[in-house]
2 protein chains.
Amino acid sequence: MKIGELAKATDTQVETIRYYERIGLLSAPGRSAANYRIYDPSHRSRLSFIRHSRQLGFTIDDIRSLLDLADHPERDCAEADNITTRHLGQVEAKISHLTRLRDELVRVSGRCRGGLSSDCQVIETLADHGHCTAKHE
Amino acid sequence: MKIGELAKATDTQVETIRYYERIGLLSAPGRSAANYRIYDPSHRSRLSFIRHSRQLGFTIDDIRSLLDLADHPERDCAEADNITTRHLGQVEAKISHLTRLRDELVRVSGRCRGGLSSDCQVIETLADHGHCTAKHE
DNA sequence: GCTTGACCCTGTAGCAGCTACAGGGTGCAT
DNA sequence: ATGCACCCTGTAGCTGCTACAGGGTCAAGC
């Protein structure tokens, strides 16, 4: 299949596929006489794996390791679990960070009672860190 | 004050301050005879405002608008509230996205029962989207 | 007066993970 | 023969910094 078809089949942009090839995540396929990339089903499943992993938020580097594991059936599955667990921890950290941030934003925006920006509590709050309940980084 | 002092006072990196000046977020201060940037208290409070807004996750563009409002006391505070509310919505969207993602990761990593990567359920799941309960983008 | 070290300057390149051109070639239908 | 959809390479852009390289400045200590 040509790149456009692979793109449609995996719900990926054509330029993204070329990007994955450039960074060595997806192996370079054969070429047609006209120098078009011609993919086979193995590329398709590999790209599906990549896209699925990306949707789950794995980094490109994680995906490299995961693909490597998928290619070496004799290796220990624990490596894959390590990557997943570490990633899960990062996602949870992000969630709790964003949750604190949301609470602060709710508090800030709740202060707006309309009127002029000169006595806008939102602006006030941003200007003066002391108005915050919690530390946020 | 010199840039290093301002950096310490606002808990910002020196290079970040120069970056803000370069993109026009923080106005260029005066210079000493030796061409050092010399900041006054107004720069300091402006930078605090910026940093505080960044900590709350506002984009640089949002901050430009917020600073603009802070500079025009006669304008309507609703604009600031709009920006905050829209941002809050984005944060909430991110939280719910990450939460779905987390649930899926928990499910995926729960499938690992050790053993060889050849029958690793984590790898399996990544390879086959059909294993997923929910759609995730 | 000379060195050392902390600070400052400019300019540019890098990070992640794409995305978006520009400027060209190919392939098929009309 | 012409139009159009598709393909190619190469490069620059996005966000919000961060990290140099290669240089200048200044005060303290010997």
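Just so you know, these numbers use all the heavy atoms, side chains as well, and skip hydrogens, waters and symmetry mates. Quick note on labels: first sequence line is chain A, next is B, and so on, each numbered from 1.
The distance from atom CG of A:D11 to atom P of C:dC18 is 13 Å, rounded to the nearest whole Å. Atom CD1 in A:I17 sits about 15 Å away from atom P in C:dA20, given to the nearest Å. As rounded to whole Å, 16 Å separates atom P of C:dA16 from atom NE2 of A:H87. Going from atom OH of B:Y19 over to atom C1' of C:dG14 covers 14 Å, rounded to whole Å. Taking atom CG of A:L47 as the reference point, atom P of C:dG17 lies 16 Å away to the nearest angstrom. Straight-line distance from the CD1 atom of B:I38 to the C1' atom of C:dC7: 12 Å, rounded to whole Å. With rounding to whole Å, B:E21 atom CD is found 12 Å from C:dT10 atom C1'. Separating the CD1 atom of A:I23 from the P atom of C:dG14 is a distance of 16 Å, rounded to the nearest angstrom.
In this model, the phosphate group of D:dG10 is not approached by any side-chain N or O of A:R22 to a distance below 4.0 Å at OP1 or OP2. Not one side-chain nitrogen or oxygen of B:Y20 sits closer than 4.0 Å to the OP1 or OP2 atom of D:dG16. Contact check, A:R37 against D:dC7: no side-chain N or O comes under 4.0 Å of OP1 or OP2. Listed pair A:R18 / C:dT19 fails the phosphate criterion, with no side-chain N or O lying under 4.0 Å from OP1 or OP2.
Within 4.0 Å of B:F58, counting heavy atoms only, lies no atom of the nucleic acid at all. No contact: A:S32 has no heavy atom under 4.0 Å from any strand. Backbone-only engagement by B:I3 is indicated by non-hydrogen atom pairs under 4.0 Å involving sugar-phosphate atoms exclusively.
Atom CG of B:D68 has more than 12 heavy atoms from other residues, nucleotides or ligands within 6.0 Å.
Both B:T59 and B:E15 lie close to DNA chain D; mapped to their nearest nucleotides by heavy-atom distance, the more 5′-ward contact belongs to B:T59. Each of A:R51 and B:K8 has a nearest nucleotide on DNA chain C; the 5'-most of these lies closest to B:K8. For the pair A:T16 and B:Y39, both in contact range of DNA chain C, the more 5′-proximal nearest nucleotide belongs to B:Y39.
Scanning all heavy atoms of the two residues, the minimum distance from B:L69 to B:D76 falls at CD2-O, 4.0 Å.
Two residues are said to be in side-chain contact when any heavy atoms from C-beta on lie closer than 4.5 Å; A:K2 and A:S32 fail this criterion. Inter-residue side-chain proximity for B:L88 and A:V108 is flagged as unmet; no heavy-atom pair is nearer than 4.5 Å.
Evaluation of atom-type donor-acceptor distances gives a pair under 3.5 Å for the side chain of A:Y36 against the base of C:dG25. A:E5 contributes no side-chain N or O that forms a donor-acceptor pair with the base of D:dC6 under 3.5 Å.
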* Stepwise side-chain contact (heavy atoms from CB on, under 4.5 Å) check, B:R51 with B:Y20 -> CA-CA 11 Å; B:R51 293 306 287 170; B:Y20 288 157; 2.8 Å; yes

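Not a single donor-acceptor pair under 3.5 Å links the side chain of B:E104 to the backbone N or O of B:L101.
Residue A:R54 places its side chain closer to C:dC18 than to any other of C:dC18, C:dC9, D:dG16. With D:dC7, C:dA20, C:dC9 as the candidates, the nucleotide lying closest to the side chain of A:Q13 is C:dA20.
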